[in-house]
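Notes for the one structure printed next.
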There are 2 protein chains.
Amino acid sequence: MEKSSVEVKAKFIRGFGDKTRLQILESIRRSEKTVSQIVAELNGNQSNISQHLACLKGCGIIVSRQEGKYIYYSLRNERIDQLLDVMEAVFAQVAEEVSACDMNDELDC
Amino acid sequence: MEKSSVEVKAKFIRGFGDKTRLQILESIRRSEKTVSQIVAELNGNQSNISQHLACLKGCGIIVSRQEGKYIYYSLRNERIDQLLDVMEAVFAQVAEEVSACDMNDELDC
DNA sequence: GTATTATATTAGCACCGCCTAATATGTGTG
DNA sequence: CACACATATTAGGCGGTGCTAATATAATAC
């Protein structure tokens with residue numbers, strides 16, 4: 001049986017909902033990067049990064065192109081870039097609001 | 001030890017990354033709703049919905065106000081509303097691109 | 001060809017998130 | 001007060017997700 005649209009959408013969003021993946025996205029935002037560049041930059045584990053890249057690609061968030069023995073990853077398009085901006089802006093505002101005013105609310109689930 | 005900003009941000013985003021929570025957000029988008037209204041609308045389980053509401057509130061995505069024995073939930077502010085719009089737009093475009101052109105890529109992780 | 005580098009895949013494990021059922025708390029009503 | 005209704009919390013099971021280590025594939029260099 002097929003996944004409902006809202007389920008697929010949730011999965012898409014979850015693509016952004018991980019610390020390491022957010023860092024990868026920040027890393028390749030300005031310019032495409034190879035896996036090893038990302039691994040070096042994030043001081044990460046090659047296998048781990050590779051799996052997160054596969055996840056991001058599977059979610060349609062990034063794309064890859066091969067050049068010789070290197071594989072370059074970059075954001076799928078400019079709208080993903082915009083989405084990252086909006087997420088950051090809204091998060092920054094909410095985080096400030098929450099930590100500054102509402103002593104009751106916390107950012108834990 | 002404190003959670004890094006990017007970890008908190010990931011958690012914030014994950015607030016949107018669940019089918020039921022997305023449905024709740026759609027439900028309360030237009031106008032605030034009580035828990036029982038949401039439960040009825042989504043044909044859901046009261047305990048389950050209540051937990052998701054706590055999660056959304058904890059993530060700073062929604063707020064609540066009490067009126068008598070009812071508790072009304074609504075989006076925290078208009079920027080959350082905008083974010084939902086942008087997410088939907090980008091997702092729709094990506095979903096179309098992925099399913100139409102790239103036969104290789106799939107929306108699975 | 002073999003060796004080396006770049007990346008992907010697999011397996012196993014721990015942990016976290018989601019669900020359901022049951023129970024608790026809180027608020028109004030008779 | 002007891003009772004009904006609205007919501008929250010707890011406990012337990014279960015599947016998914018992220019991590020590491022090891023192995024596999026693919027491309028280049030020698």
Side-chain angles (χ1 to χ4, degrees), chain A residues 3-4 6-8 10-24 27-28 32-59 61-74 104-109, chain B residues 3-4 6-8 10-24 27-28 32-59 61-74 104-109:
Chain A
K3 287 200 178 279
S4 71
V6 64
E7 266 173 304
V8 181
K11 189 127 201 165
F12 171 70
I13 294 173
R14 246 177 289 138
F16 298 90
D18 176 84
K19 172 195 174 186
T20 305
R21 289 197 291 276
L22 282 179
Q23 291 178 137
I24 291 174
S27 164
I28 66 178
E32 60 176 10
K33 298 250 171 71
T34 69
V35 180
S36 31
Q37 285 178 318
I38 299 168
V39 169
E41 196 169 323
L42 303 195
N43 236 316
N45 169 300
Q46 183 266 322
S47 168
N48 188 19
I49 300 292
S50 199
Q51 287 175 76
H52 280 300
L53 286 168
C55 170
L56 287 166
K57 190 177 178 186
C59 286
I61 297 172
I62 64 178
V63 292
S64 63
R65 79 180 174 84
Q66 182 146 11
E67 187 176 316
K69 65 177 175 179
Y70 294 98
I71 298 186
Y72 288 85
Y73 284 92
S74 53
N104 302 340
D105 298 25
E106 272 148 37
L107 272 172
D108 293 19
C109 266
Chain B
K3 285 199 179 282
S4 72
V6 64
E7 267 173 304
V8 181
K11 188 129 200 162
F12 171 70
I13 295 173
R14 244 176 289 136
F16 297 91
D18 175 84
K19 171 196 174 185
T20 304
R21 289 197 291 276
L22 282 179
Q23 291 178 137
I24 290 174
S27 164
I28 67 178
E32 59 176 11
K33 298 253 172 69
T34 70
V35 179
S36 31
Q37 285 177 318
I38 299 168
V39 170
E41 196 170 321
L42 304 195
N43 237 316
N45 169 300
Q46 184 265 322
S47 167
N48 189 18
I49 299 292
S50 200
Q51 288 175 76
H52 281 299
L53 286 168
C55 169
L56 287 166
K57 191 177 177 185
C59 287
I61 298 172
I62 64 176
V63 292
S64 62
R65 77 179 177 86
Q66 181 146 11
E67 187 177 314
K69 64 179 176 176
Y70 294 98
I71 298 186
Y72 288 86
Y73 284 93
S74 52
N104 303 341
D105 299 25
E106 272 148 36
L107 272 170
D108 293 21
C109 265

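Both backbone and side-chain heavy atoms feed into the values below; hydrogens, waters and symmetry mates do not. Here is how names work: the chains are called A, B, and so on, in the same order as the sequence lines, proteins then strands, and each is numbered from 1.
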On a heavy-atom basis, the closest approach of A:G15 and A:C59 is CA-SG, 4.1 Å
Quick one: on DNA chain D, does B:Y70 or A:T20 contact a more 5' nucleotide (nearest heavy atom)?
B:Y70
Near DNA chain D, under 4.0 Å by heavy atom, which residues of residues 45-52 of chain B?
B:Q46, B:S47, B:S50, B:Q51
Do A:Y73 and A:V63 touch side chain to side chain, with heavy atoms closer than 4.5 Å?
no
Can B:K19 and A:S4 be counted as having a side-chain donor-acceptor contact under 3.5 angstrom?
no
Expressed in angstrom and rounded to an integer, what is the separation of A:L42 atom CG from D:dC19 atom P?
11 Å
Parallel, tilted or perpendicular: which one describes the rings of A:Y70 and A:Y72, with boundaries at 30° and 60°?
tilted
From CD1 of B:I38 across to C1' of D:dA8 the rounded distance in Å is 14 Å
What is the 5' to 3' range of DNA chain C, first to last nucleotide, that sits under 4.0 Å from any heavy atom of chain B?
C:dG17 to C:dG28
Please determine if a side-chain N or O atom of B:S36 lies less than 4.0 Å away from the OP1 or OP2 oxygen of D:dC5.
no
Measuring only between side-chain heavy atoms, which start at C-beta, is B:V39 closer than 4.5 Å to B:N48?
no
Please report, rounded to the nearest Å, how far the P atom of D:dA8 is from the CD1 atom of B:I62.
9 Å
Quickly work out the B:Q37 CD to D:dT7 C1' distance and round it to whole Å.
14 Å
Has A:E41 got a side-chain atom pairing as donor or acceptor with A:N43's backbone, closer than 3.5 angstrom?
no
Please classify the nucleic acid contact of B:Y73 as base, sugar-phosphate, or nothing, using heavy-atom distances under 4.0 Å.
sugar-phosphate
Can you name the nearest heavy-atom pair linking B:E32 to B:Q37, along with the distance?
O-OE1, 4.4 Å
Ignoring hydrogens, what is the shortest heavy-atom contact between B:I71 and B:S64? Give both atom names and the distance.
CG2-CB, 3.9 Å
Looking at every heavy atom in both A:I62 and A:I28, which two are closest together, and how far apart are they?
CG2-CD1, 3.7 Å
Check whether any side-chain nitrogen or oxygen of A:R14 sits under 4.0 Å from OP1 or OP2 of D:dG16, and answer yes or no.
no
Value in whole Å for how far the C1' atom of D:dC5 lies from CD of B:E67
16 Å
